[in-house]
Amino acid sequence: MQIEKVYEPQRFEPHWAQWWIDSNIFGAPADAPGRVFSLVIPPPNVTGVLHIGHMLEHTEIDVTIRWHRMLGDNTLWLPGTDHAGIATQMVVARQLAEEGINYRDLGREKFEERVWQWKERSGDTIKRQMIRLGASCDWTRERFTLDPGLSRAVREVFVTLFEKGLIYRGEYMINWCPDCMTALSDLEVAHEEVPGHLWHVRYPVNGLPDTYVTVATTRPETMLGDTAVAINPKDTRYTHLHGRTVQLPLMDREIPVILDEVADPEFGTGVVKVTPAHDANDFEAGKRHNLPKIQVIDEHGNMTAAAGAFAGLDRFEARRRVVARLQETGALVKIEDYKLNLGKCQRSKTPVEPLISTQWFVKTKPLAEKAIEVVENGRIQFVPPNWVKTYNEWMYNIRDWCISRQLWWGHRIPAWYCGNCKQITVAREAPAACPKCGSTDLKQDPDVLDTWFSSGLWPFSTLGWPEKTADLAKFYPTSLLITGFDILFFWVARMVMFGLEFMGDVPFRQVYIHGLVRDAERQKMSKTRGNVIDPLVVTEKYGTDAVRMALLQGAAPGTDIVLTEERMESARAFANKIWNAARFLFMNVGQASGVPLQTEDRWIFSRLNAVAADANRAIEQYRYHEYAQLVWHFFWHEFCDWYIELKKVRAGGWEHAVAAFETALRLLHPAMPFLTEELWQRLRQNSTKSIALAAYPQFRPDLAEPEAEKEFAIVQEIVTLARTLRTENKLDPKQQLNGTVYGHTAALEIARCHADAIQKIARVNLTFQQGAAPKAAAIRSTPEFDLVLDVPVTAGDPARRQKEIDQVKKNIASHERQLSDETFLSKAPAKVIEGMRAKLTEYKAQLRKLEESQ
RNA sequence: GGGCGGUUAGCUCAGCGGUUAGAGCAUCCCGCUUACACCGGGAAGGUCCAGUGUUCAAAUCACUGACCGCCCACCA
């Protein structure tokens, strides 16, 4: 059988990627019997191409998915993409801006057309990338959040929640991004600590000459909208102000002193200005005291007419001017440096402006209660489990969710306004006439929904809900969700709430939270840092399998993943190693078959069996790094370094080697699907179509061969010690040496059995002697035997020998100390004591040998 | 202000109560041994952040502290 010398993944990876799809290897029939495993993809945003973080996520998902498929489960990985409202709208708007077009001038319809064009391209790219990365999804079930079916689900959910009173519309203080020109949810505001100032401003008290109250503020420009100052009712310092009013500087407006808990006596002067229109706390205080709300900043972030002399100014310019004016008038008492937590728009990084606005909200408390319960009672499990705390923290302190966005790209809110009677009608489809007055002058709400509203329905909307589909019956609840912690609240939490509310069941049974991909310096990857690893580039350079393997090697639960060129290089070397092992096997297969199993054959099958047990457990527990290391170590350091090397010096029996190799390929397949498919297809000793559908190796007690493992360990030990002695004594690696093994009958018997193999591998001709070894220069000892090489007496290394003796002495001392300790003997388990005694005996024997041979 | 994670070999990380603490990469030495130089063989390298405690036994558990990340939070 011919196979090319060099591993060139680019030659076959795209081929198998396409073949898997053409052969419908990954389709999950809704009517098949048997155990089901289902997972919906965290839909990537159609904002562009996939980055390395996606590749990590998809690799982890793919390993688990392929494993389940090979276990024989009816396995579904449902792929798709998210319209990502605000993010995508910004991308396209920016693109238009580069063409010199303001997207608003284009008009809503034309703009939406442009976004759809963008979506088609981005969606295609994402799909192509995923296919190239070997993601074993069922593409016949691909979904997009704006698909008609999913849009219907959105309307159904909206209307139902509205009818239940869980969605309401009202005027509240919301986070407003003056740059994106839309309302945001609390989650879309990123708080950042920035240096700022605390300006102390004094307000004259009416009716008390030369009396002032000093307030401290970080936003002096908002004072133009002050409608009160507040003091704490318990604050005895200010009882003389009760019932009074103060004069608002710059505006010359008389505002009341109110008694309210917003004022913290401990902070600043204990007096706080109240701006109900531009601060969430003040908004609440204003409601309590029936204060007027004066909006001095508009949606563009500019000062309104109500700001008097400052009208029309940008809010930051207004701040400078207000401060300057206060200074001039002597109202500014003090400027203090102060670090403040500035809320910025997650997308545009613009400081968010708290504004009063009429928006749609989801009443989240009732939904959250159930969502907390299912995690508490274990119906949903988090891996690693510490995420439960984070999840609960958020759920217990949940606040209502502002879901309306003043954008064009997204799901239109299913509400219609009557131009005649102002009635608002919420409905699944556009009503023909106003149900209240019969007017046909109806306008749909121009706003769209928060992207996460539709993402929250993803586990069931993608399966056909609200229709009662076979898919839904078969695959909901999904088995597992694999995603990043950054969208735990945005997405995971919402899916749990919606899933419970509309399906009456959890959306998934387990959530595995993966880490972040970082660079060699542990830095987060970002475009601005210029340290991003492009999946397409590295895939082309090292092969998909190698990149997957490199990612998996770092993918320990609860940790971030460091990905470096070196790691990918070494993973590629691993692939090359397997490739060449296959090449060697193929060259020899067919030669002298019919040879019975040798010790090394029994050993490798026994090892394979043990690795199968470990690999299954590792994947099951999402210990991808462990799985990667297991197969890596097995292939390279057991199969190649020992097994093949031994096979070389045996006559024939290659069919056993091929059988072991084939099993190992199946073990490796979830990690490196392309390489394993390529080699497996070349082997083709199975009637199964693809290795992706072959059985995943399982542990079988009857395949364990402890005697063969023990026997082989002695062979390994003799060979390794012979090599050590050779290097230590600076001997030519090619020189054939003579040596003697001293030891007890059992060990000698084994050694004698494999003398020919040892002779060829270690290049030592062995003789065998019962009993202890005499003094020799080149000697190495184990508890089982001594190995002496016949080399010039001068060649030894006394320093190394002394070091070894010291180490053994130290071990003996510590063991003796332990074993003479009464408490230890009375409290430690017998197994431990026994083990320690045995060890002590061994050390003593070893020491004797070392000293005798010195 | 709360919460979560981390601190182990030069680097990146495993290990998370019982033998002399491991891996990959990097380093040093020797080898083009007829699958593979994307290779083989050998070696060197660690007071497991500090302190206190629990325990017969601690890198591993608890507490305290230091330093580094991250998340959440309406004190002006």
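In this text, all values refer to a predicted model and were calculated from it rather than measured experimentally. Numbered from 1 within each chain, the chains take letters A, B, ... in sequence-line order.
- Residue contacts shown for A/Arg623 are limited to sugar-phosphate atoms, with no base heavy atom under 4.0 Å away.
- When each of A/Thr724 and A/Asp279 is assigned the nucleotide of RNA chain B with its nearest heavy atom, A/Thr724 is the one assigned upstream, toward the 5' end.
- A/Gly270 comes within 4.0 angstrom of a base, heavy atoms only.
- At a threshold of 4.0 angstrom between heavy atoms, the contacts of A/His633 with the nucleic acid are absent.
- Between the CH2 atom of A/Trp579 and the P atom of B/rA35 there is a distance of 17 Å, rounded to whole Å.
- Across B/rC72 and B/rC11, the matching C1' atoms stand 33 Å from one another, rounded to whole Å.
- One C1' atom belongs to B/rG17, the other to B/rU55, and the distance between them is 9 Å to the nearest Å.
- Using a 4.0 Å heavy-atom distance criterion, A/Val215 is classed as making no nucleic acid contact.
- The same atom, P, is picked in B/rC38 and in B/rU27; the two are 14 Å apart, to the nearest Å.
- A/Arg219 comes within contact range of no nucleotide atom at all, as no heavy-atom separation falls under 4.0 Å.
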Any chance you could encode RNA chain B as dot-bracket? Rule is Watson-Crick or G-U wobble with both distances under 3.5 Å; [ ] for pairs crossing earlier ones, | for another strand.
((((((((.[[[[.)..(...]]]].(((((.......))))).....[[[[[..)....]]]]])))))))....
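- Evaluation of atom-type donor-acceptor distances gives no pair under 3.5 Å for the side chain of A/Lys827 against the base of B/rA57.
- The separation of B/rA23 from B/rG15, taken at their C1' atoms, amounts to 10 Å, rounded to a whole angstrom.
- With distances taken from any side-chain atom of A/Tyr843 to the nucleotides B/rG42, B/rC74, B/rU19, the minimum falls on B/rU19.
- Between A/Lys839 and A/Glu842 a salt bridge is recorded (basic side-chain N to carboxylate O distance below 4.0 Å).
- In this structure, A/Arg723 does not reach the B/rA43 phosphate: none of its side-chain N or O atoms is under 4.0 Å from OP1 or OP2.
- A/Thr720 comes within 4.0 angstrom of sugar-phosphate atoms only, judged by non-hydrogen atoms across all strands, and of no base.
- As rounded to the nearest Å, B/rU20 and B/rG24 have C1' atoms that lie 22 Å from one another.
- The side chain of A/Trp387 contributes no N or O atom lying less than 4.0 Å from OP1 or OP2 of B/rG5.
- For the 3.5 Å distance criterion, the side chains of A/Glu188 and A/Ser185 qualify, holding a donor opposite an acceptor.
- Nucleotides B/rU47 and B/rG3 have their C1' atoms positioned 33 Å apart, rounded to a whole Å.
- In this structure, A/Phe283 reaches neither bases nor backbone, as no heavy-atom distance under 4.0 Å exists between it and the strands shown.
- Comparing the same atom, C1', in B/rU7 and in B/rA43 gives a spacing of 29 Å after rounding to whole Å.
- No donor-acceptor contact under 3.5 Å links the side chain of A/Asn397 to the base of B/rA73.
- If you check every strand for non-hydrogen atoms under 4.0 Å, A/Trp199 touches nothing.
- In this structure, A/Val6 reaches the bases: a heavy-atom distance under 4.0 Å links it to at least one base atom across the strands shown.
- Taking 3.5 Å as the limit, the base of B/rA73 and the side chain of A/Glu393 contain no donor-acceptor pair of atoms between them.
- Counting any heavy atom pair closer than 4.0 Å across all strands shown, A/Tyr338 reaches sugar-phosphate atoms only and no base atom.
- For a distance-only test at 3.5 Å, the side chain of A/Lys389 fails to qualify as a donor-acceptor partner of the base of B/rC4.
- Within 4.0 Å (heavy atoms only), A/Ala280 reaches no atom of the nucleic acid at all.
- A/Glu645 comes within contact range of at least one nucleobase, with a heavy-atom separation under 4.0 Å.
- Across all strands, A/Arg572 comes closer than 4.0 Å to base atoms (heavy-atom distances).
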